[in-house]
Each structure stands twice: as structure tokens, then as C-alpha cells.
Amino acid sequence: MIKKKGSIVRLDTENTTLVMKADTAEYLYYGRRLGSVADFGIFEGNPPRNMLSFPHRPDYTEPNLILCNADGGATYEFTFSRARIFAEKPELSELPSSYGESKTVEFKYVDLPTKVSLYLYYTVFEDCDVIAVSARLVNGSKKEIRVRRLMSLQLDLPGIEYDIVTFEGAWARERHKTERRIEGGVFCNESMRGSSSHQNNPFVMVKGDKGIFALNLVYSGNHKEIFACDTEGGKMRVLAGMNDYMFDWQLAPGQELQAPEAVMCFAPDEDGVSAQMHTFVSEHIVRGKWKKRERPILFNNWEGTYFNFNEEKLLSIASAAKELGAEMFVLDDGWFGKRDTDTCSLGDWYDNVEKTGGGLGRLAEKIRALGLSFGIWVEPEMISEDSDLYRAHPNFAMKIPGRTPTRMRHQLMLNLADERVQNYVVRAISDVIARSGAEYVKWDYNRSMTDCYGKGVPAGEYFHRYMLGYYRVVSRIVKKFPSVLFEGCAGGGGRLDLGNLCYFQQYWTSDCTDARERIDIQEGTSYGYPQTIMSAHVSASPNHQTMNSSPIFARFNVACGGVLGYELDASVLSEEDRKAIAEQIAFYKENRKLLQFGDQYRLRGANSAGFITVAKDKNSAIAVVNLLGWRCATPEPYIRLKGLNPAALYEVSADGKQFTASGDMLMYGDIPLAGIIKYDVARENSGCIQSRMYVIKRIKQG
Ligand code: DGJ
């Protein structure tokens, strides 16, 4: 709900209230929902907590806007022009954004001497306590201006006593939760790699004594979240938006620049933040036919074969997978051009008929004849120098004339800032999907940007122009194939963000498939993203990335925290593993709706970690608890479950035993993990986690 009275604008979601003063562009209140209040004047502070800021004014901390005039000046003063309320959220031009029933307030501020206008939009998603914010700059002057920074959201918080939580890592180690206190100065969580990155996800939390403010960005390129402690002003400024690294945008008279959408929410605790973000992503970001549809159990051949396969091998994996209960076979990298290694052929999206036994169309038919649907891997934004595409169009590659480009994984990127290249990619990839009839597409992206250059594109605009080109390409392809399930991937989870989730209904969480590592990666991801988007595969043991070995049941337990798949050579499994996998798949199918679309909570203890996924009606739940390590003569820890109906009676099955307990006992009592350590399993598995699954069914109403 949005209400405006004089200059005061009040936004209410189910559990939060945000109050702003339009004429002075100030925040008066953000936090728990307020009842009716006579006068918000008591919240006015000195110095004020601002919605916007600009340099050369006595603010002296990081501004959300840096502009330069044609005359070399950089002083702007935006004065309030008007505030309007829309019943529907206006579309963001050329950028992905959230959707749904969503009242929006628009604030307009004008710099009177230049007639440059800044529009700020605040949209309310009442059901999940999220407020989406964006900024648009319009050059109403007669001269070009240069935009050096345009952040999407500025949130000034009272006091400086906050802990900043970021989700950091690296390739195969994404989104590890990192918490730190900033007691002075400026701290940035950012990416300068051209993508949202493995290293610093744009989702962040700011924890204070009132509760937690969480922010994210609907953008897949360079981003920056700034936390500036204004010790004199006694406030913490939080800015979120496109990174201003190398950013220098020429805005001609009459033109406008749209900043990506940022989203924020407030909740009393971490579980509250995650619940809101999960609903927000599921209801207002993910879209299309697969939004609410149960996701298929797929077998992907990558870790089973890498580049070394032929038709016979693929069909043997697929038929073994079918016998185990799989629903889809996904052909990963290596099916096109002459791609037997990662040194060539990106861009040559035509079938290697030898390896695929006559091409994708024929192979897909054979896979379907086995009773499986067919999925295909592509990496559309890349080009190998050893490719027909490069030989024909070397200028399609992102590289600087006269300089040797930096190669990563031996490849270059395509210059998607160029419309001709965009059209080529749309044509080539659409053709792959059409000729294979693929029901699923894995869209990979395996390097960071360097050598940013496009003819006619100023260096300061390149990163963002690439992203605009990328979104044009991906949206055109996704629109053409509305029934296809699209999974995003970037060397694992290197571009897992809200921008991409507007197109891809799920995302490959990490290239690390080791169960122990996945506990941290999936747990970190779960703070800002629901399990429905987190693709999680059981792979071979010992694991290919870490060499850890772990039992098949533990690998499955961990993968049940996301969308289950398998990534191994199903044709060479031991009898014992075959039996186990067949049982796992049957169990997963029975519980898929709950596991994929239930409410998921983290279960982290001193030496244990896991999750519980609870059905919306709280009639059933599945919990997984993993011991993260153990020492001699230390007793097993305890756990407490979450999300159940406290008054209901549940039957709980674990390790072949059953017991009954009320929801409150399970949530507020301490349940010993007796017998969870299995020495025979540990003896056979290095670096093994001890894991237990609890299957919980309500037997009596509360
Ligand atoms: C990186 C992905 O994350 C892997 O799953 C696999 O698809 C490889 N690329 C293929 O090159």
C-alpha cells in the first residue's frame, strides 16, 4: 500500500513500513510495520537520512550520483518537482526487472539550472515485504552531460553500528557467508569482472539492533554495494547499483539513462529475510511456464565423460539413467564443431555428426525413444580463435585492435555490444534449440571480461552496453522458446543473480559438486535465493574437484537441498549405487513438490549444517542434518527444526527408525543426533560428512 499526505509518502508491506519525505528527499522511517501515526515529524533528523546525494554539497560521504557538465562543472542540486503514484509498476527500458501487482511511487527531482531530471521509483511487493527501487536520469539540458555514477538505491540508516554480511568466494567456492563490522571508512562489495561474479554476489545484508536490511540488484554485470560510515553524521549510507568502475556515460540532450532495479527488505532476523527473498524471487522474478512447474530429474554427461564421448557412450548413459528413473538427459559441452578440448570451436554451433551419431536431431530422437526428454548445453557469448566463426568474423570478438587479447580458458568473448553480433547469436542458438527440439537449455559463460572494446562504443560505456546487448539476446531467445526450461550457468555460479533469474528458471549453483563443499555453497546461496533455482547434482566419488569421497546417501541428502540431478557416468555404476540411486529417484519424485517448492530454512548448529523444507500446509517436511567434522570423545550435537506447526503431532522417520513428536518439541527442544556417526562409512570415505535425513509427516492436526 502507498499513501501520500502532503509531502509524506508512506509505503506499507505486510510487515514493514517505509516513510519518506518527498520535498527534502529524506527517509524518516524504515523497519517493522507501524500502526497509524499522527505525525512523522519526530523522525526528522540532523543531518537528514537522504534518498539521494551529489558531490560538492556538504554531505561528504559517498554520493549516489556523479555527473559532469559540458562546462566542466560537477555541481548539481536536485530540487523536488512532484510525486506520483501508479497502480502498476512502469517497465524498465531494456533491463530485466521484477513484476506482479505492484503499486509504485515516482519522485521527480530537477536540477533547475541544467534541467537535468532524476526520477526515483519505489515499488511495493506487499506479499513478501520487498520494495524495489530504481533511478532514471533524463538530460533535459541543451548540452551533453557525462554520468560517472548512477546508483539504483541510496539507503541512509541511523547510526553506524551495523554488521555487513556479504556472500563471497571464488570459482567452485561461491557465496560463502562473510560477516564483518565496519567501524569507520568505506567498504565495498563489488564486481569489476563484467559479471555479477563468483567472488562477490550482489546480495548483501546489513544487520543492526532493530533487525536486518537486505539488498539485491536485478543486474548481471559489474555491481557495487557501498557501505559508508558517516561518523560525524552518525549514519551508515548504503548504496547499491551498477559499478562506476570505468563508467563514463555520455548522455546527449533529450536522452535518458536507466539504472538497474535494486530491491530491499527488512526483517527481524535472517530466517525472515530469506523467507521474504524466496517468495520475492519465486513470485516476482522467475517467470514463464516453468515458474511453478516441478523440475525434471536430469542426468548430465559432463563429469561422466567430459569431451570424450560418442553416440554409443551417450546412449549407454541415457538408457542406464532411464532405468534408474531419470526424466531427462542433458548433453553438455563437446557436441559441436571439432570440440574435443576446450581450445576450439566456440561459435561453431553446428553438430559434430561423428560424436553425436548423425547430429543433434537424430540423437535427441533416440534419447526420446528411450523415454527421456533432451537438454543441450551452449555457451553463446564466446568465441574460440580456432573456429570457423573467428576465421570468418575476427571482428566479432571482444578485443582491442593492435593488442594481444587476454585469453581465459583459451577463449575470447563476443562483442555483444554490436547489434550484428547479437543477431548472429540469436540465429545460431535458436537454430540449435529448434533442430534438437531441446526441452532444456544450459546457457554457460566461462570467463570474465577483459579487452573491452567495440567499434563506436566509448570505453566508459562498454560494460553496460555489453549487458544491454546480452539482455536483448537472451530475452529474444527465451521468448522464442517459451516451453523450454532454461538453466543459467557461469563456470558454475559465477552469474547467479536476479537479472539472470528473470530469464533462467534455475541456475547451476557451482562447479564444485563435492557434498561437503556444497553444504556451504548452497547454504550461502539460500540466504537470498530459493532452492527452486539452485541446481544440485549428485556426482561420482571420489569427487572430481576435491578428491573427497563420500557415500551416495550423503551426496543425495545434500543435493535434495536444491533441484536434484545426477552428473556421472550412469553406465558404469556399481550394483549397490544403482540400487541406491533408483531408490533416491523414486523417493525424490514422491517428495519433489515439497522439496522444490516448500519453505526452506537453514539448520546450522555448532558443528552441523543442513536444511528443512516444509510443505506450505505444514503437513510434511524433510530435514537433512550433516555433521561437519568430529573429534574423539566429543558427544554428537543436538538440532532444532524450524517451520513446523507447533501444535501438530508428527511422525518422524530417520535411519530406518520412527518416533512421534509434536511440532513444538521438534522446534524448541534439542534433538540429539545419536548414532549419526557411522565409523564404517567414515573408514571408506575420506573427508566424508555424516549425514541424516528426517522424513516428517503430520499424523494429528494442531
Ligand atoms: C562449466 C560448467 O559449469 C560445467 O558444468 C560444464 O558445463 C563446463 N563448463 C563445460 O565446459
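Counting convention: from 1, in listed order, for ligands and their atoms alike.
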> Which residues pass the side-chain hydrogen bond (donor to acceptor under 3.5 Å, both in side chains) test with R175, sequence neighbours left out?
Replying inline: T525
> Taking only residues two or more places apart in sequence or in another chain, which ones pass side-chain hydrogen bond (donor to acceptor under 3.5 Å, both in side chains) with W171?
Replying inline: D511
Could you tell me, for ligand 1, which of its N or O atoms are under 3.5 Å from any protein N or O, listing the pairs and their distances rounded to 0.1 Å?
residue, atom, partner, partner atom, Å
ligand 1, 3 (O), G492, N, 3.0
ligand 1, 3 (O), D511, OD1, 2.3
ligand 1, 3 (O), D511, OD2, 3.2
ligand 1, 5 (O), K442, NZ, 2.7
ligand 1, 5 (O), W508, NE1, 3.3
ligand 1, 7 (O), D332, OD1, 2.7
ligand 1, 7 (O), D332, OD2, 3.3
ligand 1, 7 (O), W377, NE1, 3.1
ligand 1, 7 (O), K442, NZ, 3.0
ligand 1, 7 (O), D444, OD2, 3.3
ligand 1, 9 (N), D444, OD2, 2.7
ligand 1, 9 (N), N446, ND2, 3.4
ligand 1, 11 (O), D333, OD2, 2.6
ligand 1, 11 (O), R409, NH1, 2.9
ligand 1, 11 (O), R409, NH2, 3.0

>> Going by side chain to side chain contact (heavy atoms under 4.5 Å, CB included), name the residues that satisfy it together with M449, two or more places apart in sequence or in a different chain.
In response: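 Testing M449 for side chain to side chain contact (heavy atoms under 4.5 Å, CB included), a comparison that skips the adjacent residues, returns M398, M413, Y445, C452, F463, Y466.
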> Between R368 and E439, is there a side-chain N and carboxylate O pair less than 4.0 Å apart?
Replying inline: yes
> Do the ring centers of F299 and F329 come within less than 6.0 Å of each other?
Replying inline: no
>> For a quick check under 3.5 Å, do T305 and N301 share a side-chain donor-acceptor pair by atom type?
In response: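 Per modelled atom types, T305 and N301 side chains form a pair under 3.5 Å.
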